[in-house]
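Proteins come first, then strands; the chains are lettered A, B, ... in the order of their sequence lines, and each starts at number 1.
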Number of protein chains: 2
Amino acid sequence: MTAPSAARELAHPAREGIRLEAVLHALSDPLRLGLVRDLDAAQSELSCSHFDLPVTKSTTTHHFRVLRESGVVRQVYRGTAKMNVLRRDDLDALFPGLLDSILAAARAQEDRRAADCRPPRARQG
Amino acid sequence: MTAPSAARELAHPAREGIRLEAVLHALSDPLRLGLVRDLDAAQSELSCSHFDLPVTKSTTTHHFRVLRESGVVRQVYRGTAKMNVLRRDDLDALFPGLLDSILAAARAQEDRRAADCRPPRARQG
DNA sequence: TTCGTAGTAAGGCGATTGTCAAACTTAGAA
DNA sequence: TTCTAAGTTTGACAATCGCCTTACTACGAA
């Protein structure tokens, strides 16, 4: 007899409440940066359980909360799942180009890492 | 009788050793982000003592070391002073557009903050 | 109603962070 | 040589972080 799903609202900062320092801090953790990369690539909302992370469920909850409270993602409950989307519109409005250049930087770094571990004959295959 | 100033070399990561996560972490501190903004605006090297910071000398040393060890600034001794420059070339080569978009974001945030505290009649002056 | 899956909350643990005070070093000026 | 300004080092402190375990809640399916 509770209001339908009103009990499971999640607190998000308003667009104007999003702080650059908090965003940079949220993205400075490798695991969280990976989540954001995946969310960006997916172009759709993903549940927390979609990700196969090397940490426990409660640590996963912690990381998603950091992303939500810093304004990087928006989270909503959908049945028993909690769905996550990048707050691209808000971030682009506040900090034009920031998210894209960070994601591009992450890709560039990943590409260099892959190139360094290139197998001996890879160049000629 | 030591080699002239060889004793005061500072360790810096090579360009390839600069990690995105470390850069984002370094810039996620408001005081350090401010230092980087000033260094960018100055377009020249600045000594540590040039900055008027609300912390002690040893805390200042700490913050500049974080910036140096993450690859954001390059530091050299010049007499008794320690000069700082942004490693713009290295950062731009590794992460094109990243530094500029972070600096632009910092400026945008600052501008909004200033606009929010705008005095009553400012619009019409 | 019972059960399983998704996620939360509380608490603890070791490492890191931002800060300081105090004592020290280094280089240039008097 | 002495003094001073700039920066370092050490050690401390409280706060935060990333992580875990254990116990819990919320929802949907059987």
Quick one: side chain to side chain contact (heavy atoms under 4.5 Å, CB included) partners of B/R78, sequence neighbours excluded? B/E45, B/V76, B/M83
Please produce a list of atom pairs where a protein N or O lies less than 3.5 Å from an N or O of nucleotides 19-25 of chain C.
residue	atom	partner	partner atom	Å
C/dT19	OP2	B/H63	NE2	2.3
C/dC20	OP2	B/T56	N	2.9
C/dC20	OP2	B/T56	OG1	3.3
C/dC20	OP2	B/T59	OG1	3.0
C/dA21	N6	B/S58	OG	2.9

Could you go step by step and tell me if A/S58 and A/T61 meet the side chain to side chain donor-acceptor pair (under 3.5 Å) rule? CA-CA 5 Å; A/S58 47; A/T61 297; over 6 Å; no
Side chain to side chain contact (heavy atoms under 4.5 Å, CB included) involving B/P13 - partner list, sequence neighbours excluded: B/I18, B/R87
Does the side chain of A/I102 reach to within under 4.5 Å of the side chain of B/F95, using non-hydrogen atoms? no
Supply the members, apart from A/V66, of the Ile/Leu/Val/Met/Phe/Trp/Tyr cluster built from side-chain contacts under 4.5 Å; use none for a lone residue. none
Quick one: side-chain hydrogen bond (donor to acceptor under 3.5 Å, both in side chains) partners of B/S47, sequence neighbours excluded? B/S49
Please enumerate all residues that pass ring pair (Phe, Tyr, Trp, His ring centres under 6.0 Å) together with A/F51, with sequence neighbours excluded. A/F64
So, does B/R32 get its side chain near the phosphate of C/dG18, meaning an N or O under 4.0 Å from OP1 or OP2? yes
Expected list for residues 32-39 of chain B: side-chain donor-acceptor pairs under 3.5 angstrom, two or more places apart:
residue	atom	partner	partner atom	Å
B/R32	NE	B/A26	O	2.8
B/R32	NH1	B/H63	ND1	3.1

Nearest-Å distance, OH (B/Y77) to C1' (D/dA6)? 9 Å
A/E21: salt bridge (charged side-chain N to carboxylate O under 4.0 Å, His left out) partners, not counting sequence neighbours: A/R19
Which residues pass the salt bridge (charged side-chain N to carboxylate O under 4.0 Å, His left out) test with B/D29, not counting sequence neighbours? none
Residues from residues 20-28 of chain B lying under 4.0 Å of DNA chain D - heavy atoms: none
For a quick test of reading the model: is some side-chain N or O of B/R78 closer than 4.0 Å to OP1 or OP2 of C/dA27? no
When the distance from CZ of A/F64 to C1' of C/dA9 is rounded to whole Å, what number comes out? 18 Å
Between A/N84 (CG) and C/dA6 (C1'), how many Å, whole number? 12 Å
DNA chain D-proximal residues of residues 43-51 of chain B, any heavy atom under 4.0 Å: B/S47, B/C48, B/S49
Sequence neighbours excluded, every pair satisfying side chain to side chain donor-acceptor pair (under 3.5 Å) that has a member inside residues 93-108 of chain A: A/R88-A/D100, A/S101-B/S101
A/M83 atom CE is separated from C/dG7 atom C1', nearest whole Å, by 13 Å
